[in-house]
Amino acid sequence: MSKIKKLKIPEDQLELLIDKVAGCFATNKITVEGMPVGFMYREEQSEAIDSGWRFFSGTESQDYVDDKRKSDFYPLNTIANYDPAIIPYLDMPEGTELERNEDGTFSPIES
């Protein structure tokens, strides 16, 4: 029997912050532990409902990220409720990689 994740924000407490219906991946550090998004990137959509956005706290180890039980697919609006600071960046194109600044905004990662 699998254990159901206890999310930091119960579904009935989520507000409609964005009208995008697409989904994204986020780690348990954000959705279960309630940490802010520290790093986000947008890759090519894996399916029509996928926005391509991937959200991390920035504290995840590679082993943590590799464990499929430590992340899940959520509506973008759900992650916007966890960290509204991501909202201004959600229309950025595929290939975008952003990290959080000390002031709470995000800046592109120089490659």
Side-chain angles (χ1 to χ4, degrees):
M1 178 199 265
S2 67
K3 184 178 176 184
I4 296 179
K5 293 180 188 182
K6 181 166 173 44
L7 301 180
K8 191 78 170 173
I9 302 174
E11 189 173 338
D12 64 352
Q13 292 181 15
L14 296 174
E15 297 177 33
L16 183 60
L17 300 178
I18 59 172
D19 60 2
K20 298 178 186 318
V21 295
C24 62
F25 281 93
T27 69
N28 290 357
K29 296 274 187 174
I30 296 165
T31 58
V32 175
E33 297 179 33
M35 297 180 77
V37 173
F39 171 70
M40 55 194 269
Y41 69 91
R42 190 172 194 182
E43 62 185 15
E44 185 177 337
Q45 297 170 265
S46 62
E47 55 188 74
I49 192 69
D50 179 17
S51 69
W53 280 110
R54 309 299 181 242
F55 298 97
F56 303 85
S57 71
T59 65
E60 297 88 350
S61 66
Q62 189 61 51
D63 286 340
Y64 187 98
V65 172
D66 291 343
D67 185 343
K68 301 291 185 212
R69 298 169 298 177
K70 305 285 183 163
S71 65
D72 221 325
F73 192 75
Y74 299 95
L76 269 175
N77 186 66
T78 297
I79 305 308
N81 273 261
Y82 280 89
D83 194 343
I86 68 168
I87 295 171
Y89 307 95
L90 295 178
D91 288 328
M92 295 184 87
E94 290 176 0
T96 297
E97 294 183 355
L98 304 168
E99 64 185 344
R100 186 181 288 271
N101 300 311
E102 288 183 18
D103 67 1
T105 61
F106 288 86
S107 292
I109 296 174
E110 302 299 326
S111 32

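Predicted model, so just to flag it, every value in this text is computed and none were measured.
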Inset, instruction - Could you list the residues that satisfy side-chain contact (heavy atoms from CB on, under 4.5 Å) with Glu33, not counting sequence neighbours? - result: Lys29, Met35, Tyr64

Keeping [X] on the side-chain end and [Y] on the backbone end, is there a donor-acceptor pair under 3.5 Å?
X     : Y      : answer
Gln13 : Glu11  : no
Tyr89 : Phe106 : yes
Asn81 : Glu15  : yes
Trp53 : Met40  : no

Spacing of [atom1] belonging to [X] relative to [atom2] belonging to [Y], to within rounding of 0.5 Å:
X     : Y     : atom1 : atom2 : answer
Gln45 : Cys24 : CD    : SG    : 12.5 Å
Leu76 : Leu90 : CG    : CG    : 5.5 Å
Glu97 : Met92 : CD    : CE    : 11.5 Å
Thr78 : Leu14 : OG1   : CG    : 5.0 Å
Gln62 : Asp67 : CD    : CG    : 11.5 Å

How close do [X] and [Y] get, counting heavy atoms only, and between which atoms?
X      : Y     : answer
Gly104 : Ala85 : O-CB, 3.7 Å
Arg54  : Ser46 : NH2-OG, 4.3 Å
Ile30  : Val37 : CD1-CG2, 3.8 Å
Thr31  : Ile79 : CG2-CD1, 3.7 Å
Phe73  : Ile49 : CZ-O, 4.0 Å
Asp91  : Arg42 : C-NH1, 4.0 Å

Inset, instruction - Give the ring-plane orientation class for Phe56 versus Tyr41, where under 30° counts as parallel, over 60° as perpendicular and anything between as tilted. - result: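 Judged by the thresholds at 30° and 60°, the geometry between Phe56 and Tyr41 is parallel.
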
Inset, instruction - Taking the side chain as every heavy atom from C-beta outward, state whether Pro36 and Arg100 have any atom pair closer than 4.5 Å. - result: yes

Legend entry - Side-chain heavy atoms of Ile109 within contact of Leu98, under 4.5 Å: no

Legend entry - Atom CG of Asp103 with >12 non-hydrogen neighbours under 6.0 angstrom: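 Result for CG/Asp103: enclosed.
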
Legend entry - side-chain hydrogen bond (donor to acceptor under 3.5 Å, both in side chains) partner of Asn28, the single match among Arg69, Lys5, Lys70: Lys5

Inset, instruction - Say whether Val32 and Phe25 are linked into one hydrophobic cluster, either directly or through other cluster members, by side-chain heavy-atom distances under 4.5 angstrom. - result: no

Inset, instruction - Determine, using the 4.5 Å side-chain heavy-atom cutoff (strictly less than), whether Phe55 and Leu7 are members of one ILVMFWY cluster. - result: yes

